[in-house]
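The figures here come from the full heavy-atom set of this structure, side chains too, leaving out hydrogens, waters and symmetry mates.
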Amino acid sequence: MKFTAEQIAGILEGEVVGNPNAEVSRLSKIEEGEEGSLTFLANPKYINYIYSTKATVTIVNESFTPEQDITTTLIKVEDAYAAFSKLLHFYNQVKLNKNGIEPQSFMSEGTKYGENLYLGSFSYVGQNVVLGDNVKIYPNSFIGDNVIIGDNVFIFAGAKIYSETVIGNNCTIHSGTIIGADGFGFVPNEEGVYSKVPQIGNVIIEDNVDIGANTTIDRATLGSTIIRQGVKLDNQIQIAHNVEIGRNTVIAAQSGVAGSTKIGENCMIGGQVGIAGHLTIGNNVKLQAQSGVARNIKDDETLQGTPSLGYTDFNKSYVHFKNLPKIVAEVEELKKQIIINPKNGNNG
């Protein structure tokens, strides 16, 4: 899809300097710009590239005045970085705005869906499913029975949404994600043989949640596993049964949360963090990467390490840990001096 500089300036409320009919069909970095591409200049470190870039159109700040000849058409805006981000969002909306039900997909009778549905090939929609407006379900996806999905939801290729799941508005679920699989519930008998505990709850995902590729969120044993509004989950995260994650909390890749733990609002959890089950994590908590959490955490704490310590305590302790060989050598030397020093009443 092609856009003219004039059309782009209209979207960004900017001013065209150059050819208003210059056409672009793709985006690029300024140093890699080619004919037909759109780029931007916001960082002064890259200013030299604007004189050599082959990009057809470049977004710049209003204050920019070229000191040499340029071939690219300029679009002047108040904030070039913010304008380019706005354009990326617009471009993404256009690119992903697919419509219609493709051949070789399956939708059960009685499915209710709103306007502008997209259902990709080889996707399956179960019984009694409700889909809102502008739902986009990409190929090879599975939507189980009794699932409810709100408006403006993207479910990318290969995602699996098990039965009874509820998904709010403006959510994005990336490829390979599995929502609503059974929680890890087993009970051993007297002989040590494990029997499965039926997992009959569901998963509730509120509005404006983003879930990365290959993340898994288990259904509850009873009740619901709940992902609150505005939560952002990275790729390859494990959320166990009956977990609750508070509003606007973000969790980085390869982290795991064990069953029935409650995480508060506005928390920031780094990559490869492990959180034990049946804990309560307060609001505004920060957990540094690779931390292991085995206790309840109060509001506003920042922790690191395994088992996790207060962030400042961890850093102080780590300084001593790095110096342990030197400290041990000094202790051994002191022991020798004490043993051989006659003043101590000991000649060895």
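- The backbone N or O of N242 sits nowhere less than 3.5 Å from a side-chain atom of T221 that would complete a donor-acceptor pair.
- Taking 4.0 Å as the cut-off between side-chain N and carboxylate O, R219 and E164 do not count as a salt-bridged pair.
- No more than 12 heavy atoms of other residues, nucleotides or ligands lie within 6.0 Å of CD in E35, so this atom counts as exposed by the packing criterion.
- Between F106 and F122, the ring centre distance reaches or exceeds 6.0 Å.
- For the pair R247 and E206, the salt-bridge criterion is not met [side-chain N within less than 4.0 Å of a carboxylate O].
- Rounded to the nearest 0.5 angstrom, I251 CD1 and Q238 CD are separated by 11.0 Å.
- Counting heavy atoms from C-beta on, the side chains of N283 and D300 never come closer than 4.5 Å.
- Checked by atom type and distance alone, the side chain of T56 pairs as donor or acceptor with a backbone atom of G36 at under 3.5 Å.
- Side chains of T58 and I50 form a contact here, defined as non-hydrogen atoms less than 4.5 Å apart.
- K112 NZ: 12 or fewer foreign heavy atoms inside a 6.0 Å radius.
- Remark: side-chain polar atoms of T53 are paired, donor with acceptor, to backbone N or O of I30 under 3.5 angstrom.
- Panel note: side chain Q272, backbone Q290; no donor-acceptor pair is recorded below 3.5 Å.
- Residue F40 holds its CZ atom at 10.0 Å from CG of N61, rounded to the nearest 0.5 Å.
- No close placement of the F186 and Y194 rings is indicated, their centers lying 6.0 Å or farther apart.
- Of the inter-residue distances, the one linking I211 atom CD1 with N235 atom CG reads 11.5 Å to the nearest 0.5 angstrom.
- Looking at heavy atoms from C-beta onward, V24 lies in side-chain contact with I8 at the 4.5 angstrom threshold.
- Ring pair Y51/Y49: centre-to-centre distance not below 6.0 Å.
- The aromatic rings of Y118 and Y138 sit perpendicular, their planes meeting at an angle over 60°, well past the 30° parallel limit.
- Note on E301 versus K298: no salt bridge recorded, every NZ/NE/NH1/NH2 to OD/OE distance being 4.0 Å or above.
- Remark: the backbone N or O of G132 is not paired with any side-chain donor or acceptor of D151 at under 3.5 angstrom.
- A 4.5 Å side-chain heavy-atom check between I75 and V57 finds at least one atom pair inside the cut-off.
- Counting only heavy atoms from C-beta outward, the side chains of L303 and R295 approach each other to under 4.5 Å.
- No donor-acceptor distance shorter than 3.5 angstrom exists from the side chain of N128 to the backbone of N146, with no hydrogens or angles considered.
- The backbone N or O of N169 sits less than 3.5 Å from a side-chain atom of D207, completing a donor-acceptor pair.
- In this structure a side-chain-to-backbone donor-acceptor pair under 3.5 Å is missing from S121 to E102.
- Only one option out of I239, I269, V231 pairs with I263 in a side-chain contact (heavy atoms from CB on, under 4.5 Å); it is I269.
- Annotation: side chain of L12 is in contact with side chain of I59 (closest heavy-atom distance under 4.5 Å).
- For E31, the CD atom is densely surrounded, since the number of other residues' heavy atoms within 6.0 Å is greater than 12.
- Between Q127 and S108 the shortest heavy-atom distance is N-OG, 3.6 Å.
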Set out, in order, the CA-CA distance, both residues' side-chain angles and the distance that settles side-chain hydrogen bond (donor to acceptor under 3.5 Å, both in side chains) for K136 and N116, then state yes or no.
CA-CA 8 Å; K136 313 298 179 185; N116 302 318; 5.7 Å; no

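- A donor-acceptor pair under 3.5 Å links the side-chain atoms of K86 to the main chain of I11, judged by distance alone.
- Here the closest non-hydrogen pair linking K232 and N208 is NZ-O, 2.9 Å.
- A donor-acceptor contact shorter than 3.5 Å is absent between the side chain of N284 and the backbone of C267.
- The distance from atom OG of S175 to atom CD1 of I155, rounded to the nearest 0.5 Å, is 11.0 Å.
- Counting heavy atoms from C-beta on, the side chains of I237 and V257 never come closer than 4.5 Å.
- No side-chain heavy atom of I179 sits under 4.5 Å from any side-chain heavy atom of D218.
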